[in-house]
Amino acid sequence: MKKALLTIGLLILSNAFMTFAWYGHLKFKQMSWFNNLGLVSIILISWGIALFEYSFQVPANRIGYIENDGPFNLWQLKVIQEVITLFVFTAFTVIFFKNETFRVNHLIGFVFLILAVYFIFKK
């Protein structure tokens, strides 16, 4: 159980950095010192942020993988990762992008993804 929680915690941290690297730059234009940066600069900043993503993602997968004495097979790790990504992305979007609306169809889609987790874990 400890490895499962550690894996999930590391995946949450990884996804927080990933989401910020992938979508955070869309808010950079609101910060005056980012206004003069070109696309290459933004890519390099995002790439630097993504380095932290990998610093959590790789250990999460190594700790959680069943062949390394972890609790999850590769399919399970991937589906857990995707569900965490959606939860982190949703929180990020609702907090930082006030013009984006969380609607019922999004919730229904998430329910189906959670069902995917159930079926992936079903023996």
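All of these numbers come straight from a predicted model, not from anything done at the bench.
With hydrogens and angles ignored, the 3.5 Å screen pairs a side-chain donor or acceptor of Gln76 with a backbone N or O of Asn73. Although no hydrogens or angles enter the test, the distance criterion places no donor-acceptor pair under 3.5 Å between the side chain of Ser41 and the main chain of Leu37. Asn68 contributes no side-chain N or O that, together with a main-chain N or O of Gly70, makes up a donor-acceptor pair within less than 3.5 Å. At least one donor-acceptor pair under 3.5 Å links the side chain of Ser55 to the backbone N or O of Leu51. Here the side chain of Lys3 pairs a donor or acceptor atom with the backbone of Asp69 at under 3.5 angstrom.
Using a 4.5 Å heavy-atom cutoff, the side chains of Tyr23 and Phe96 are not in contact.
In terms of hydrophobic clustering, with Ile, Leu, Val, Met, Phe, Trp and Tyr side chains grouped at heavy-atom distances under 4.5 Å, Ile80 and Ile120 are assigned to a common cluster. Cluster membership check: Phe87 shares its hydrophobic cluster with Phe121, using side-chain heavy-atom separations under 4.5 Å among Ile, Leu, Val, Met, Phe, Trp and Tyr. Under the 4.5 Å side-chain heavy-atom criterion for grouping Ile, Leu, Val, Met, Phe, Trp and Tyr, Ile8 is connected to Val88 within one hydrophobic cluster. Hydrophobic clustering (ILVMFWY, side-chain heavy atoms < 4.5 Å, transitive): Leu13 and Phe89 are in one cluster. Note on Phe52: it does not cluster hydrophobically with Leu44, by side-chain heavy-atom contacts below 4.5 Å among ILVMFWY residues.
With rounding to the nearest 0.5 angstrom, the CG atom of Asn15 is 6.5 Å from the CD1 atom of Ile84. Rounded to the nearest 0.5 angstrom, Gln57 CD and Leu10 CG are separated by 9.5 Å. The distance from the CD1 atom of Ile108 to the CG atom of Leu113 is 12.5 Å, given to the nearest 0.5 Å. Atom OG of residue Ser46 and atom CD1 of residue Ile42 lie 6.5 Å apart, to the nearest 0.5 angstrom. With values rounded to the nearest 0.5 angstrom, Ile12 atom CD1 is found 11.0 Å from Thr7 atom OG1. Here Ile45 contributes atom CD1 and Phe20 contributes atom CZ; the two are 9.5 Å apart, rounded to the nearest 0.5 Å.
Nearest heavy atoms, Ala21 versus Ala50: CB-N, 3.9 Å.
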Report the C-alpha separation of Thr90 and Phe102 in whole Å, then their side-chain angles, then the decisive distance to 0.1 Å, and conclude whether the side chain to side chain contact (heavy atoms under 4.5 Å, CB included) test is met. CA-CA 8 Å; Thr90 299; Phe102 186 73; 3.8 Å; yes
Any chance you could lay out the side chain to side chain contact (heavy atoms under 4.5 Å, CB included) test for Lys78 and Leu74, step after step, and finish with the verdict? CA-CA 6 Å; Lys78 183 58 181 171; Leu74 202 54; over 6 Å; no
How far apart are the C-alpha atoms of Tyr118 and Ile114, what are their side-chain angles, what is the distance that settles it, and do they pass the side chain to side chain contact (heavy atoms under 4.5 Å, CB included) test? CA-CA 6 Å; Tyr118 169 77; Ile114 292 168; over 6 Å; no
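Using cut-offs of 30° and 60° for the angle between ring planes, the Phe97 and Phe92 rings count as tilted.
The six-membered or imidazole ring of Phe17 lies near that of Phe56, with a centre-to-centre distance under 6.0 Å.
Leu39 belongs to a hydrophobic cluster whose other members, connected by ILVMFWY side-chain contacts under 4.5 Å either directly or through intermediates, are Ile43.
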